[in-house]
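Letters A, B, ... are given to chains in the order of the sequence lines, protein chains preceding strands, and every chain is numbered from 1. Bear in mind that the values here come from a model prediction, so they are computed numbers and not experimental data.
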Number of protein chains: 2
Amino acid sequence: MVANTVDVLNDRCPSRQVIALIADKWSILVLYALSREGTLRYGQLQRTVRGISQKMLTQTLRELERNGLVSRMVYEVVPPQVEYELTDLGKSLRRVLSELCGWAQGNLEQVARARELYDLEKGNPT
Amino acid sequence: MVANTVDVLNDRCPSRQVIALIADKWSILVLYALSREGTLRYGQLQRTVRGISQKMLTQTLRELERNGLVSRMVYEVVPPQVEYELTDLGKSLRRVLSELCGWAQGNLEQVARARELYDLEKGNPT
DNA sequence: CTGTATCCGACCCGATACTG
DNA sequence: CAGTATCGGGTCGGATACAG
């Protein structure tokens with residue numbers, strides 16, 4: 001059989017779209033927040049993911065919901081209440097998420113030092 | 001002691017910059033390619049990461065080099081030869097990289113199905 | 001409270017042409 | 001071969017105003 005190889009390095013492979021979905025700053029932070037905190041309301045999410053604008057939060061949540069990573073539950077009350085949480089599919093990403101964010105937190109100093117060194121050498125050498 | 005908490009969800013934490021560096025489609029694919037293939041020349045990289053433009057490849061490599069994830073070795077020959085590979089810091093990302101890309105490859109169908117369903121329900125319901 | 005709609009500047013990114 | 005320089009359309013993303 002002619003197995004059409006699944007590979008993110010192949011630009012015709014659908015997995016590329018999945019990478020594009022996850023390989024996004026706001027997506028990762030929103031997923032990570034839901035991964036850590038469990039169920040969160042819209043306002044809680046905005047306060048948890050510091051610095052995200054209303055527009056980007058809504059846009060990111062819609063895209064994650066559309067791709068099956070996040071579920072959205074609307075409670076018909078007043079004032080409106082909407083809860084977001086990871087779907088089972090989204091939960092299967094937890095491991096990756098915590099490792100990725102953990103790496104970022106654990107290596108921020110190494111990265112900062114490398115950047116300073118690079119900028120010092122290649123920056124304007126007056 | 002007043003430990004200034006390291007947290008990617010805090011927009012004032014430097015780890016945010018690290019997330020922004022990695023949480024990028026091309027960065028992840030270039031890092032993954034180097035992670036899988038080891039040392040690669042510029043042209044090899046461009047053929048490996050299918051669909052990346054010259055501009056984005058160069059730009060991505062510079063940024064990764066600047067932040068200490070990738071090393072660049074120039075051989076003074078003609079025609080020019082430049083080799084890229086992961087630094088030790090970059091290699092410590094391999095685990096995350098392979099898990100992330102593996103997830104994308106392993107769940108592309110689930111994601112595709114979720115998206116089709118969503119678009120069917122919320123799309124234009126003629 | 002949880003959104004949607006619009007404006008608009010900034011930046012991304014591919015295409016193309018050119019260089020050592 | 002391995003880039004750099006430039007152009008220009010497209011998209012991102014914040015700010016603001018408004019709605020159910």
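In this structure, B:E63 pairs ionically with B:R66, as a charged nitrogen and a carboxylate oxygen lie closer than 4.0 Å. A salt bridge is absent between A:D7 and A:R12: the closest approach of a Lys/Arg side-chain nitrogen to an acidic carboxylate oxygen does not fall below 4.0 angstrom.
Between the side chain of A:S71 and the main chain of A:T87, no donor-acceptor pair closer than 3.5 Å is present. Between the side chain of B:S15 and the backbone N or O of B:V18, no donor-acceptor pair lies under 3.5 Å. Remark: the backbone N or O of B:R47 is paired with a side-chain donor or acceptor of B:R50 at under 3.5 angstrom. At distances below 3.5 Å, not a single donor-acceptor pair connects side-chain atoms of B:N67 with backbone N or O atoms of B:L69. Checking side-chain atoms of B:E65 against main-chain N and O of B:R62 turns up no donor-acceptor pair under 3.5 Å. A donor-acceptor contact shorter than 3.5 Å links the side chain of B:S92 to the backbone of B:L89.
Minimum heavy-atom separation, B:I22 to B:I28: O-CG1, 3.1 Å.
Distance NZ (B:K122) to C1' (C:dG3): 13 Å, rounded to an integer number of Å. Between the NZ atom of A:K25 and the P atom of C:dC12 there is a distance of 12 Å, rounded to whole Å. The nearest whole Å value for the distance from the CG atom in A:L57 to the P atom in D:dA15 is 14 Å. Per the geometry, CG belonging to A:D24 stands 16 Å off P belonging to D:dT11, to the nearest Å. To the nearest angstrom, P of C:dC18 lies 18 Å from NZ of B:K55. Following rounding to the nearest Å, A:Q59 (CD) and D:dC12 (C1') show an atom-to-atom distance of 8 Å. Straight-line distance from the CE atom of A:M56 to the P atom of D:dC12: 8 Å, rounded to whole Å.
Counting only heavy atoms from C-beta outward, the side chains of A:M73 and A:V82 never approach each other to under 4.5 Å.
In the set D:dG14, C:dG3, D:dT6, the nucleotide with an atom closest to the side chain of A:Q54 is C:dG3.
A heavy atom lying under 4.0 Å from DNA chain C marks the following residues of residues 36-47 of chain A, by number: A:R41, A:Y42, A:G43. Sorted by residue number, the members of residues 60-85 of chain B with any non-hydrogen atom under 4.0 Å from DNA chain C read B:P80.
Note on the helix from C:dC1-D:dG20 to C:dG20-D:dC1: angle between the axes of the first and last five pairs equals 50°, rounded to 10 degrees.
A residue-by-residue look at B:T58 and A:G51 shows that B:T58 has its nearest nucleotide of DNA chain D further toward the 5' end.
Of the options B:R115, B:E121, B:K122, a side chain to side chain contact (heavy atoms under 4.5 Å, CB included) to B:Y118 is made by B:K122 and by none of the others.
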